[in-house]
Amino acid sequence: MKTDLTDTTASKINKALVKARRAIGTPAVGMVLTLVIVTDEENAYDALKAAGDASREHPSRTLVVIKRVSRTPRDRTQSRLDAEVRVGADAGTGETVVLRLHGEVVDHAQSVVLPLLLPDAPVVVWWPVNAPLDPANDPLGALAQRRVTDTYACEQPVKELAARADAYTPGDTDLSWTRITPWRSMLAAALDQVACEVQGVEVEGEEFNPSCELLAMWLADRLDVPVRRTRSSGPGLTAVRMDTDCGPIVLDRADGSLATLAIQGQPKRAVALKRRDTAELIAEELRRLDPDDTYASALRYGVERLKQGNGGDAPAKGEGEAGGREAVPAPVESVAKGPAAEATAEAPVKRAAVK
């Protein structure tokens, strides 16, 4: 059921929600949280679709806040709130309210959202694009227990990570961090199978992919070893190589779907490591509403510290050769000694060019 309200108020929207629930025969409220999506018209459809898919696992009231741009000075002084109320099949397993703010009310979105929050239920705010540098101090972010951003959607994602670290508040998280959950699980499981000491790590992936940086920072923070970042053509993360005193451990995913795990002395194994869509990422974040201390520790390790300790990014394989891009000075490579060095040729991962 879908109801359009023009030039309305929060009180009328609440009445429309109650009326719609009664009309479809479900007067009780069965949602477990309120998900507030702050976006623009261009990205609203994709965000709504992802939230609708995630609501099958987490029934929620979804409030989509769209701040409309006023084109004239007169329009900017006239406040108007338009709403679209969706209940039933049009809203997945929860309720959806699309709020379009015009004029001066754009600067007071929290006053519109506050009366529509589910009572005694957690609040999660998600910015698919254009997230504030300090989500916790944003008027809408201050209403939430969890604040979800996505540095991958930023123009300069690596610099954005530094800003996120400076402004981090317990409850902040990022979908770029959520994307590497399967990688972290697989690498941790691989290390559990061997009794070896890690001497160095290499993370290979796209140049401007913040998930690659976060994975490298997590490994450097947890293992306390040099971590080297190298570039590839993607998609996303393509390989992680851990040099140990027992031989290399390599997780290689060249096609963005199926990966190969190679551990010295064991047969190679194919593992499913596909790139997940936004609905799966949001569903994962809604499973936990407590602060993510592991994310905070990795984020605060810092991209600059990672580069200073390892000499920066190495060029992708083939760069600097004839017909390629200009070569970038590569960092000093940490070479494992003993069996690890002898087994390097067996590892299914492309090595970066090193000067």
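From a predicted model like this one, the values you see are computed outputs, not experimental measurements. Only this structure's heavy atoms are used, side chains among them; waters, hydrogens and symmetry mates stay out.
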Could you go through the salt bridge (charged side-chain N to carboxylate O under 4.0 Å, His left out) check for D255 and R253 one step at a time? CA-CA 6 Å; D255 60 358; R253 187 191 67 178; 5.8 Å; no
What verdict does the side chain to side chain contact (heavy atoms under 4.5 Å, CB included) test give for V203 and W183, after you've listed the backbone C-alpha separation in whole Å, the side-chain angles of each residue and the deciding distance to 0.1 Å? CA-CA 11 Å; V203 177; W183 285 82; over 6 Å; no
Report the C-alpha separation of E41 and R68 in whole Å, then their side-chain angles, then the decisive distance to 0.1 Å, and conclude whether the salt bridge (charged side-chain N to carboxylate O under 4.0 Å, His left out) test is met. CA-CA 8 Å; E41 289 285 3; R68 300 295 295 271; 3.2 Å; yes
Any chance you could lay out the salt bridge (charged side-chain N to carboxylate O under 4.0 Å, His left out) test for E204 and R231, step after step, and finish with the verdict? CA-CA 6 Å; E204 180 186 275; R231 300 197 299 268; over 6 Å; no
Evaluate salt bridge (charged side-chain N to carboxylate O under 4.0 Å, His left out) for K274 paired with E280, printing each intermediate quantity in order. CA-CA 12 Å; K274 71 180 184 70; E280 293 180 79; 3.0 Å; yes
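Side chain of D174 to main chain of T151: a donor-acceptor pair is present (N/O by atom type, distance under 3.5 Å, no hydrogens or angles). A side-chain donor-acceptor contact under 3.5 Å links R146 to the backbone of D290. A donor-acceptor contact shorter than 3.5 Å is absent between the side chain of R287 and the backbone of I282. Remark: the backbone N or O of A142 is not paired with any side-chain donor or acceptor of N137 at under 3.5 angstrom. Between the side chain of Q145 and the backbone N or O of V123, at least one donor-acceptor pair lies under 3.5 Å. Remark: side-chain polar atoms of R288 are not paired, donor with acceptor, to backbone N or O of E285 under 3.5 angstrom. Panel note: side chain S297, backbone D293; no donor-acceptor pair is recorded below 3.5 Å. Although no hydrogens or angles enter the test, the distance criterion places no donor-acceptor pair under 3.5 Å between the side chain of T238 and the main chain of S232.
Evaluation of the side-chain contact (heavy atoms from CB on, under 4.5 Å) rule for T3 yields M1, L5, V85 as partners, not counting sequence neighbours. Residues that satisfy the side-chain contact (heavy atoms from CB on, under 4.5 Å) test with K12, not counting sequence neighbours, are T8, T9. Here C196 pairs with C246 under the disulfide (SG to SG under 2.5 Å) rule; sequence neighbours left out.
To the nearest 0.5 Å, atom OG of residue S211 and atom CD of residue E206 are 9.5 Å apart. Here the straight-line distance linking atom CG of L48 with atom CD1 of I37 works out to 5.5 Å at 0.5 Å rounding. We find the CD-CG distance between E160 and D150 to be 10.5 Å, quoted to the nearest 0.5 Å. With rounding to the nearest 0.5 Å, the separation of CG in L261 from CE in M186 is 7.0 Å. From E197, atom CD reaches atom OG1 of T244 across 9.5 Å, with rounding to the nearest 0.5 Å. If you take NE2 on H102 and CG on D7, they are separated by 9.0 Å, rounding to the nearest 0.5 Å.
Salt bridge R179/E284: absent, no basic N to carboxylate O contact under 4.0 Å. Residues E84 and K2 are paired through a salt bridge, judged by an N-O separation under 4.0 Å between the basic side chain and the carboxylate. Comment: R86 does not engage E95 in a salt bridge, judged by the lack of any side-chain N to carboxylate O separation of less than 4.0 angstrom.
Two residues are said to be in side-chain contact when any heavy atoms from C-beta on lie closer than 4.5 Å; L99 and V64 fail this criterion. In this structure the side chain of R241 never reaches within 4.5 angstrom of the side chain of L251, judged on heavy atoms. For the pair D40/V129, a side-chain contact is recorded, criterion being any heavy-atom separation below 4.5 Å from C-beta on. Within the 4.5 Å cutoff, the side chain of E202 has no heavy atoms near those of the M242 side chain. When side chains are defined from C-beta on, S257 does not count as touching L273, because their heavy atoms never get closer than 4.5 Å. Inter-residue side-chain proximity for V271 and T260 is flagged as unmet; no heavy-atom pair is nearer than 4.5 Å. The closest side-chain heavy-atom distance from L116 to V113 is not below 4.5 Å.
Donor-acceptor pairing under 3.5 Å is lacking for the side chains of W127 and D138.
Cation-pi contact between R184 and W218: present, with separation from the ring centre below 6.0 Å and deviation from the ring axis of at most 45°.
Nearest heavy atoms, P132 versus R164: O-NH1, 3.1 Å. Of all heavy-atom pairs spanning L118 and L33, the tightest one is CD1-O, 3.4 Å. Nearest approach of A283 to H58, heavy atoms of both residues: O-NE2, 2.9 Å. Nearest approach of A279 to A50, heavy atoms of both residues: CB-O, 3.6 Å.
Screening T149, D172, D292 against W177 for a side chain to side chain donor-acceptor pair (under 3.5 Å) leaves a single residue, D292.
Atom CZ of F208 is surrounded by 12 or fewer heavy atoms from other residues, nucleotides or ligands within 6.0 Å.
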